[in-house]
Amino acid sequence: MNLRTLHNLSVCGFLAAAMLLAGRMNAQNLSLEGQTGGFLTPTAYVVESAKGQFFSHPAIGIHVINATTVIGRIETFSVTEGFANRAEVGYTHSNHTLGNSLVSSQGAFSALWNASGMNVVHGKLVFIKDGQFGPAMPGVAIGGLIRTNDQFVSGAIYKELTGMSKQYTNGDVYIAVT
């Protein structure tokens, strides 16, 4: 059995065990970098805590994107915890594998993302909840994230030019209004 098969079986086993052991599972939309928000859920929301509870149940996100014809296979695993429906913090680990564009006539796009091990730590704080001061009041939140061990694109170009690996630490700060 090769490592890829073992990896896929372990992910499936983890998901099956989580579904069997959970009394109730709520869907939570975590982005590729682990924070709530994105296309379906507004980014001014956080992982929900049950009524009367300070801590939420941790939200777990697993994303697998098969873009092997261009940049490779992208796999992320995220855990995010919410606090009193006002804040969240989380961690994401991202792995990428080499795609097929190295042998295509389109160019070597895949080599720009051929790195594993990027880490993302994020946090978000809700200042105003949706409808807090009336039905038309939007939610307002501020958040940020830090990426470590980022070797994508800039790191790949640096390696191509110098022959040495380079990892970057970078981040974002954002304000979200729903």
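Only heavy atoms go into these numbers, but all of them, side chains included; no hydrogens, no water, no symmetry mates.
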Distance-only polar pair, side chains of T92 and S78, donor-acceptor under 3.5 Å: yes
Are L145 and L32 connected in the hydrophobic side-chain network, where two residues link if heavy atoms are under 4.5 Å apart? yes
Mind checking whether F83 and F54 have parallel, tilted or perpendicular rings, split at 30° and 60°? tilted
With side chain to side chain donor-acceptor pair (under 3.5 Å) as the test, would you mind laying out the steps for E75 and N95 before giving the verdict? CA-CA 5 Å; E75 300 171 352; N95 286 308; 4.9 Å; no
Quick one: do Y91 and I60 end up in the same hydrophobic cluster if we chain Ile, Leu, Val, Met, Phe, Trp and Tyr together by side-chain heavy atoms under 4.5 Å apart? no
Shared hydrophobic cluster for V120 and I146 (ILVMFWY, side-chain gaps under 4.5 Å): no
Would L161 end up clustered with M164 when hydrophobic side chains under 4.5 Å apart are linked, directly or stepwise? no
Which pair of heavy atoms, one from S49 and one from F55, lies closest together, and at what distance? OG-C, 3.6 Å
Is V89 reachable from V79 through a run of I, L, V, M, F, W or Y residues, each pair having side-chain heavy atoms under 4.5 Å apart? no
Which atom pair, heavy atoms only, marks the closest approach of V47 to H57? CG1-O, 3.9 Å
Taking all non-hydrogen atoms of both residues, which atom of L30 and which atom of A59 are closest, and how far apart? CD1-O, 3.7 Å
Note: Y45 and T36 closest approach over all heavy atoms is O-OG1, 2.6 Å
I'd like to know whether D130 forms a side chain to side chain donor-acceptor pair (under 3.5 Å) with Q132, so could you lay out the CA-CA distance, the side-chain angles of the two residues, the decisive distance to 0.1 Å, and finally the verdict. CA-CA 6 Å; D130 274 349; Q132 184 172 343; over 6 Å; no
Between S165 and Q151, a side-chain donor and acceptor under 3.5 Å: no
For residues I128 and M137, determine if any side-chain heavy atom of one lies less than 4.5 Å from a side-chain heavy atom of the other. yes
Please report the C-alpha distance between I142 and Y174 in whole Å, then the side-chain angles of each, then the deciding distance to 0.1 Å, and finally whether the side-chain contact (heavy atoms from CB on, under 4.5 Å) criterion is met. CA-CA 6 Å; I142 186 167; Y174 60 90; over 6 Å; no
Taking NE2 in H63 as the centre, count heavy atoms belonging to other residues, nucleotides or ligands within less than 6.0 Å. Is the count above 12? yes
Is E48 close to N85 at the side-chain level, that is, under 4.5 Å between some pair of heavy atoms? yes
Check: T169 and R147 side chains under 4.5 Å, non-hydrogen atoms: no
Go through it in stages, so that I can follow the logic: the residues are Q35 and S31, the test is side chain to side chain donor-acceptor pair (under 3.5 Å), and I'd like the CA-CA distance, side-chain angles, deciding distance and then a yes or no. CA-CA 6 Å; Q35 67 271 35; S31 70; 3.1 Å; yes
Flag the pair P58 / E81 as yes when at least one side-chain heavy-atom distance between them is below 4.5 Å, and no otherwise. yes
From OG1 (T80) to CD (E88), nearest 0.5 Å: 5.5 Å
Stepwise, does the side-chain contact (heavy atoms from CB on, under 4.5 Å) test hold for I65 with R73? CA-CA 6 Å; I65 300 172; R73 182 179 164 112; over 6 Å; no
Is any side-chain heavy atom of D172 less than 4.5 Å from a side-chain heavy atom of H122? no
Nearest atoms (heavy-atom pairs only) where P138 meets V177: CB-CG1, 3.7 Å
Step through the shown structure and confirm whether more than 12 heavy atoms of other residues, nucleotides or ligands are within 6.0 Å of CD1 on I175. no
